[in-house]
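Below is one structure; the comments refer to it alone.
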Amino acid sequence: MSGAMDQAGDRAKRGARQVAGAAEQASQSRSFEAVARFGFAANGLLHVLIGALALQLALGKSGEADQTGAVAQLAARPGGAVLLWAGFIGAAALALWQVAEAVFGGRRFRDRDRLKYRLKSAGLAVVYAAVAGTFGVYALGGRSSSRESSQDASAALMQAPGGTVLLFLVGAGIVAAGAYFIFRGVRRKFLEDLRSLPAGRAGQAVTWSGTAGYIGKGLALAVLGILFAVAAIRHDPARATGLDGALKGLREQPYGDAALIVVAVGLICYGLYMAARARYAKM
(Lines give C-alpha, C1' and ligand atoms only; values in the text may rest on other atoms or scores of the structure.)
Protein backbone atom coordinates (compact mmCIF):
# COMPACT_ATOMS: atom_id res chain seq x y z
CA MET A 1 0.00 0.00 0.00
CA SER A 2 2.79 2.37 0.99
CA GLY A 3 4.70 1.56 -2.21
CA ALA A 4 1.67 2.35 -4.36
CA MET A 5 1.22 5.69 -2.61
CA ASP A 6 4.89 6.51 -3.14
CA GLN A 7 4.60 5.69 -6.84
CA ALA A 8 1.49 7.87 -7.13
CA GLY A 9 3.32 10.68 -5.38
CA ASP A 10 6.28 10.37 -7.73
CA ARG A 11 3.97 10.44 -10.77
CA ALA A 12 2.27 13.56 -9.40
CA LYS A 13 5.63 15.28 -8.88
CA ARG A 14 6.79 14.35 -12.39
CA GLY A 15 3.50 15.66 -13.79
CA ALA A 16 3.86 18.92 -11.87
CA ARG A 17 7.43 19.34 -13.14
CA GLN A 18 6.28 18.70 -16.71
CA VAL A 19 3.49 21.25 -16.40
CA ALA A 20 5.90 23.80 -14.88
CA GLY A 21 8.42 23.14 -17.64
CA ALA A 22 5.78 23.55 -20.33
CA ALA A 23 4.57 26.79 -18.75
CA GLU A 24 8.11 28.15 -18.57
CA GLN A 25 8.81 27.15 -22.17
CA ALA A 26 5.58 28.80 -23.34
CA SER A 27 6.44 32.03 -21.52
CA GLN A 28 9.77 32.14 -23.38
CA SER A 29 8.34 31.61 -26.87
CA ARG A 30 8.82 34.39 -29.41
CA SER A 31 5.13 34.60 -30.29
CA PHE A 32 4.10 34.98 -26.66
CA GLU A 33 6.81 37.60 -26.14
CA ALA A 34 5.58 39.57 -29.16
CA VAL A 35 2.03 39.69 -27.80
CA ALA A 36 3.27 40.58 -24.32
CA ARG A 37 5.33 43.45 -25.74
CA PHE A 38 2.13 44.91 -27.13
CA GLY A 39 0.95 45.14 -23.52
CA PHE A 40 3.59 47.83 -22.93
CA ALA A 41 2.26 49.75 -25.92
CA ALA A 42 -1.34 49.43 -24.67
CA ASN A 43 -0.33 50.72 -21.25
CA GLY A 44 1.55 53.55 -22.93
CA LEU A 45 -1.51 54.54 -24.95
CA LEU A 46 -3.58 54.67 -21.76
CA HIS A 47 -1.07 57.01 -20.11
CA VAL A 48 -0.96 59.30 -23.14
CA LEU A 49 -4.77 59.54 -23.06
CA ILE A 50 -4.83 60.11 -19.28
CA GLY A 51 -2.23 62.84 -19.68
CA ALA A 52 -4.27 64.46 -22.46
CA LEU A 53 -7.40 64.36 -20.26
CA ALA A 54 -5.42 65.92 -17.41
CA LEU A 55 -4.32 68.72 -19.74
CA GLN A 56 -7.98 69.32 -20.57
CA LEU A 57 -8.74 69.59 -16.85
CA ALA A 58 -5.96 72.15 -16.44
CA LEU A 59 -7.52 74.16 -19.27
CA GLY A 60 -10.90 74.16 -17.54
CA LYS A 61 -12.60 71.36 -19.45
CA SER A 62 -14.40 68.38 -17.92
CA GLY A 63 -13.65 64.68 -18.09
CA GLU A 64 -12.35 61.71 -16.10
CA ALA A 65 -8.55 61.76 -16.09
CA ASP A 66 -7.98 58.16 -15.10
CA GLN A 67 -7.74 54.70 -16.59
CA THR A 68 -11.47 54.21 -17.13
CA GLY A 69 -11.84 57.68 -18.59
CA ALA A 70 -9.03 56.97 -21.06
CA VAL A 71 -10.50 53.61 -22.10
CA ALA A 72 -13.97 55.13 -22.46
CA GLN A 73 -12.51 57.78 -24.75
CA LEU A 74 -10.76 55.08 -26.75
CA ALA A 75 -13.99 53.07 -27.03
CA ALA A 76 -15.81 56.08 -28.52
CA ARG A 77 -13.35 56.42 -31.41
CA PRO A 78 -13.78 54.75 -34.81
CA GLY A 79 -12.28 51.28 -34.64
CA GLY A 80 -12.25 51.54 -30.85
CA ALA A 81 -13.56 48.00 -30.35
CA VAL A 82 -10.56 46.57 -32.22
CA LEU A 83 -8.17 48.64 -30.13
CA LEU A 84 -9.93 47.58 -26.92
CA TRP A 85 -9.62 43.88 -27.73
CA ALA A 86 -6.01 44.32 -28.84
CA GLY A 87 -5.26 46.17 -25.61
CA PHE A 88 -6.95 43.45 -23.57
CA ILE A 89 -4.99 40.65 -25.25
CA GLY A 90 -1.68 42.51 -24.98
CA ALA A 91 -2.13 43.53 -21.34
CA ALA A 92 -3.35 40.04 -20.38
CA ALA A 93 -0.35 38.45 -22.09
CA LEU A 94 1.99 40.87 -20.32
CA ALA A 95 0.33 40.03 -16.99
CA LEU A 96 0.85 36.31 -17.66
CA TRP A 97 4.46 36.95 -18.64
CA GLN A 98 5.00 38.77 -15.33
CA VAL A 99 3.42 35.81 -13.51
CA ALA A 100 5.92 33.52 -15.25
CA GLU A 101 8.75 35.85 -14.20
CA ALA A 102 7.46 35.81 -10.62
CA VAL A 103 7.60 32.00 -10.63
CA PHE A 104 10.57 31.20 -12.85
CA GLY A 105 12.47 34.46 -13.42
CA GLY A 106 15.41 36.16 -11.77
CA ARG A 107 17.79 33.24 -12.09
CA ARG A 108 20.60 35.59 -13.09
CA PHE A 109 20.35 37.23 -9.66
CA ARG A 110 21.54 36.08 -6.26
CA ASP A 111 18.99 34.80 -3.74
CA ARG A 112 18.05 38.15 -2.18
CA ASP A 113 17.94 40.03 -5.48
CA ARG A 114 16.05 37.13 -7.05
CA LEU A 115 13.35 37.45 -4.38
CA LYS A 116 13.07 41.20 -5.01
CA TYR A 117 12.78 40.60 -8.74
CA ARG A 118 10.05 38.00 -8.30
CA LEU A 119 8.08 40.16 -5.86
CA LYS A 120 8.33 43.07 -8.29
CA SER A 121 7.14 40.82 -11.12
CA ALA A 122 4.19 39.67 -9.01
CA GLY A 123 3.21 43.27 -8.33
CA LEU A 124 3.46 44.17 -12.01
CA ALA A 125 1.33 41.15 -12.87
CA VAL A 126 -1.46 42.60 -10.72
CA VAL A 127 -1.07 46.04 -12.35
CA TYR A 128 -1.25 44.69 -15.91
CA ALA A 129 -4.09 42.34 -15.01
CA ALA A 130 -6.04 45.40 -13.83
CA VAL A 131 -5.26 47.17 -17.12
CA ALA A 132 -6.43 44.10 -19.03
CA GLY A 133 -9.59 43.98 -16.93
CA THR A 134 -10.45 47.59 -17.78
CA PHE A 135 -9.92 46.95 -21.49
CA GLY A 136 -12.00 43.78 -21.24
CA VAL A 137 -14.96 45.44 -19.50
CA TYR A 138 -15.25 48.11 -22.19
CA ALA A 139 -14.57 45.65 -25.03
CA LEU A 140 -17.60 43.66 -23.85
CA GLY A 141 -19.73 46.81 -23.85
CA GLY A 142 -19.63 47.40 -20.10
CA ARG A 143 -18.77 50.51 -18.14
CA SER A 144 -16.87 51.15 -14.92
CA SER A 145 -15.70 54.03 -12.75
CA SER A 146 -12.33 54.12 -11.03
CA ARG A 147 -13.62 56.81 -8.65
CA GLU A 148 -16.59 54.73 -7.51
CA SER A 149 -14.55 51.53 -7.28
CA SER A 150 -11.92 53.30 -5.17
CA GLN A 151 -14.51 54.81 -2.84
CA ASP A 152 -16.42 51.53 -2.46
CA ALA A 153 -13.24 49.58 -1.72
CA SER A 154 -12.12 52.20 0.82
CA ALA A 155 -15.53 52.18 2.54
CA ALA A 156 -15.51 48.37 2.76
CA LEU A 157 -11.96 48.37 4.12
CA MET A 158 -12.75 50.98 6.78
CA GLN A 159 -15.64 48.86 8.06
CA ALA A 160 -13.31 45.94 8.75
CA PRO A 161 -11.42 45.64 12.06
CA GLY A 162 -8.31 47.77 11.78
CA GLY A 163 -9.47 48.91 8.36
CA THR A 164 -8.66 52.57 8.96
CA VAL A 165 -5.05 51.69 9.71
CA LEU A 166 -4.89 49.45 6.66
CA LEU A 167 -6.29 52.20 4.43
CA PHE A 168 -3.68 54.61 5.79
CA LEU A 169 -0.98 52.03 5.05
CA VAL A 170 -2.33 51.65 1.52
CA GLY A 171 -2.01 55.41 1.08
CA ALA A 172 1.50 55.37 2.52
CA GLY A 173 2.42 52.51 0.19
CA ILE A 174 1.17 54.42 -2.86
CA VAL A 175 3.17 57.49 -1.77
CA ALA A 176 6.24 55.25 -1.40
CA ALA A 177 5.60 53.86 -4.89
CA GLY A 178 5.42 57.42 -6.19
CA ALA A 179 8.73 58.24 -4.52
CA TYR A 180 10.24 55.12 -6.11
CA PHE A 181 9.05 56.23 -9.55
CA ILE A 182 10.58 59.67 -9.02
CA PHE A 183 13.85 58.07 -7.89
CA ARG A 184 13.95 55.83 -10.97
CA GLY A 185 13.28 58.85 -13.16
CA VAL A 186 15.90 61.12 -11.59
CA ARG A 187 18.56 58.39 -11.54
CA ARG A 188 17.43 57.01 -14.92
CA LYS A 189 17.21 53.53 -13.45
CA PHE A 190 14.43 52.73 -15.94
CA LEU A 191 17.14 52.28 -18.58
CA GLU A 192 18.01 49.00 -16.85
CA ASP A 193 14.70 47.62 -18.16
CA LEU A 194 15.82 48.11 -21.78
CA ARG A 195 18.08 45.78 -23.70
CA SER A 196 19.33 48.69 -25.84
CA LEU A 197 18.54 52.22 -26.99
CA PRO A 198 18.06 53.44 -30.55
CA ALA A 199 20.97 55.44 -31.91
CA GLY A 200 21.22 59.21 -32.00
CA ARG A 201 18.37 61.55 -31.20
CA ALA A 202 15.85 58.71 -30.97
CA GLY A 203 17.78 57.27 -28.04
CA GLN A 204 17.93 60.69 -26.39
CA ALA A 205 14.18 61.06 -26.86
CA VAL A 206 13.54 57.71 -25.16
CA THR A 207 15.80 58.72 -22.26
CA TRP A 208 14.21 62.13 -21.80
CA SER A 209 10.66 60.80 -22.11
CA GLY A 210 11.45 58.12 -19.55
CA THR A 211 12.98 60.65 -17.15
CA ALA A 212 10.05 63.08 -17.39
CA GLY A 213 7.56 60.22 -17.47
CA TYR A 214 8.72 58.47 -14.33
CA ILE A 215 8.86 61.76 -12.42
CA GLY A 216 5.37 62.76 -13.62
CA LYS A 217 3.90 59.35 -12.84
CA GLY A 218 5.56 59.43 -9.42
CA LEU A 219 4.05 62.82 -8.61
CA ALA A 220 0.59 61.58 -9.63
CA LEU A 221 0.95 58.49 -7.43
CA ALA A 222 2.14 60.61 -4.50
CA VAL A 223 -0.97 62.83 -4.70
CA LEU A 224 -3.16 59.73 -5.01
CA GLY A 225 -1.57 58.14 -1.95
CA ILE A 226 -2.04 61.30 0.09
CA LEU A 227 -5.77 61.21 -0.70
CA PHE A 228 -6.04 57.66 0.65
CA ALA A 229 -4.13 58.62 3.79
CA VAL A 230 -6.36 61.67 4.34
CA ALA A 231 -9.45 59.50 3.83
CA ALA A 232 -8.21 57.18 6.57
CA ILE A 233 -7.28 59.98 8.99
CA ARG A 234 -10.64 61.73 8.54
CA HIS A 235 -12.64 58.48 8.37
CA ASP A 236 -14.14 59.64 5.08
CA PRO A 237 -13.89 57.07 2.25
CA ALA A 238 -15.42 59.62 -0.15
CA ARG A 239 -12.01 61.34 -0.19
CA ALA A 240 -10.40 58.23 -1.74
CA THR A 241 -11.41 59.27 -5.23
CA GLY A 242 -8.76 57.54 -7.32
CA LEU A 243 -6.45 59.15 -9.85
CA ASP A 244 -9.16 61.37 -11.35
CA GLY A 245 -9.97 62.84 -7.94
CA ALA A 246 -6.28 63.24 -7.16
CA LEU A 247 -5.64 65.25 -10.32
CA LYS A 248 -8.76 67.37 -9.83
CA GLY A 249 -7.74 67.95 -6.21
CA LEU A 250 -4.29 69.03 -7.38
CA ARG A 251 -5.89 71.61 -9.68
CA GLU A 252 -7.65 73.20 -6.67
CA GLN A 253 -4.36 73.92 -4.87
CA PRO A 254 -2.34 77.17 -5.22
CA TYR A 255 -0.72 77.14 -8.67
CA GLY A 256 -2.69 73.94 -9.21
CA ASP A 257 -3.21 74.45 -12.93
CA ALA A 258 0.53 74.77 -13.50
CA ALA A 259 1.22 71.72 -11.33
CA LEU A 260 -1.46 69.73 -13.17
CA ILE A 261 0.07 70.65 -16.53
CA VAL A 262 3.47 69.41 -15.31
CA VAL A 263 1.96 66.10 -14.15
CA ALA A 264 -0.09 65.77 -17.36
CA VAL A 265 2.97 66.25 -19.57
CA GLY A 266 4.82 63.74 -17.38
CA LEU A 267 2.07 61.15 -17.86
CA ILE A 268 2.16 61.68 -21.62
CA CYS A 269 5.95 61.26 -21.58
CA TYR A 270 5.56 58.06 -19.53
CA GLY A 271 3.16 56.75 -22.15
CA LEU A 272 5.62 57.54 -24.94
CA TYR A 273 8.40 55.78 -23.01
CA MET A 274 6.19 52.70 -22.54
CA ALA A 275 5.55 52.66 -26.29
CA ALA A 276 9.32 52.63 -26.84
CA ARG A 277 9.68 49.95 -24.18
CA ALA A 278 7.38 47.71 -26.21
CA ARG A 279 10.25 47.40 -28.69
CA TYR A 280 13.37 47.73 -26.56
CA ALA A 281 12.39 46.07 -23.25
CA LYS A 282 14.32 43.15 -21.83
CA MET A 283 12.06 40.10 -21.97
Side-chain angles (χ1 to χ4, degrees), residues 38-77 80 83-84 86-87 90-91 94 124 127-128 130-132 134-135 138 144-147 150 174-175 177-186 188 190 193 204-227 241-253 255-279 281:
F38 187 76
F40 287 123
N43 194 34
L45 177 60
L46 278 188
H47 279 83
V48 169
L49 291 174
I50 293 171
L53 288 168
L55 275 179
Q56 291 181 9
L57 292 178
L59 297 174
K61 298 181 180 180
S62 60
E64 288 187 56
D66 58 12
Q67 190 168 288
T68 55
V71 175
Q73 188 179 80
L74 188 62
R77 295 178 180 272
L83 291 174
L84 291 176
L94 186 54
L124 289 174
V127 171
Y128 291 121
V131 173
T134 303
F135 273 116
Y138 279 83
S144 64
S145 171
S146 296
R147 175 187 286 263
S150 178
I174 296 174
V175 171
Y180 178 67
F181 267 80
I182 293 172
F183 168 76
R184 283 178 64 84
V186 172
R188 297 184 175 179
F190 58 86
D193 297 328
Q204 294 176 358
V206 172
T207 300
W208 281 106
S209 64
T211 301
Y214 268 82
I215 293 173
K217 170 107 174 171
L219 291 173
L221 287 174
V223 175
L224 176 61
I226 290 171
L227 280 184
T241 52
L243 180 59
D244 177 64
L247 296 177
K248 289 176 179 176
L250 179 62
R251 184 183 58 179
E252 296 170 359
Q253 304 305 313
Y255 305 103
D257 288 339
L260 184 54
I261 289 174
V262 170
V263 172
V265 172
L267 290 172
I268 291 172
C269 289
Y270 183 79
L272 295 175
Y273 165 76
M274 291 299 288
R277 188 176 176 184
R279 178 174 180 180

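Being a predicted model, the structure only gives us computed values, none of them experimental.
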Nearest 0.5 angstrom please: [X] [atom1] to [Y] [atom2], how far?
{"X": "L272", "Y": "L267", "atom1": "CG", "atom2": "CG", "value": "11.0 Å"}
{"X": "I182", "Y": "T211", "atom1": "CD1", "atom2": "OG1", "value": "13.0 Å"}
{"X": "L74", "Y": "T134", "atom1": "CG", "atom2": "OG1", "value": "12.0 Å"}
{"X": "L221", "Y": "F181", "atom1": "CG", "atom2": "CZ", "value": "6.0 Å"}
{"X": "L224", "Y": "L219", "atom1": "CG", "atom2": "CG", "value": "12.5 Å"}
{"X": "Q67", "Y": "H47", "atom1": "CD", "atom2": "NE2", "value": "8.0 Å"}

Does the side chain of [Y] come within less than 4.5 Å of [X]'s, by heavy atoms?
{"X": "Q253", "Y": "Y255", "value": "no"}
{"X": "L57", "Y": "L260", "value": "yes"}
{"X": "L84", "Y": "R77", "value": "no"}

Point to revise | Trace of the side chain to side chain contact (heavy atoms under 4.5 Å, CB included) decision for L250 with V263 | key: CA-CA 10 Å; L250 179 62; V263 172; 3.9 Å; yes

Considering all heavy atoms, the nearest [X]-[Y] contact:
{"X": "V206", "Y": "A276", "value": "CG2-CB, 3.8 Å"}
{"X": "R184", "Y": "F190", "value": "NH2-CA, 3.3 Å"}
{"X": "V223", "Y": "A246", "value": "CG1-O, 3.5 Å"}
{"X": "A86", "Y": "F38", "value": "O-CE2, 3.3 Å"}
{"X": "A264", "Y": "G51", "value": "CB-O, 3.4 Å"}

Exercise for review: Given ring-ring contact (aromatic ring centres under 6.0 Å, His included), test Y273 with Y214 step by step and report yes or no.
Suggested key: CA-CA 9 Å; Y273 165 76; Y214 268 82; 5.7 Å; yes

Exercise for review: Take T68 and Y138, measure what side chain to side chain contact (heavy atoms under 4.5 Å, CB included) needs, and give me the verdict at the end.
Suggested key: CA-CA 9 Å; T68 55; Y138 279 83; 3.9 Å; yes

Practice item. Kindly indicate, with the supporting measurements, whether the criterion side chain to side chain contact (heavy atoms under 4.5 Å, CB included) is fulfilled by V127 and N43. Key: CA-CA 10 Å; V127 171; N43 194 34; 5.7 Å; no

Check your understanding: Heavy-atom count around R279 CZ within 6.0 Å, excluding the residue itself: above 12?
Key -> no

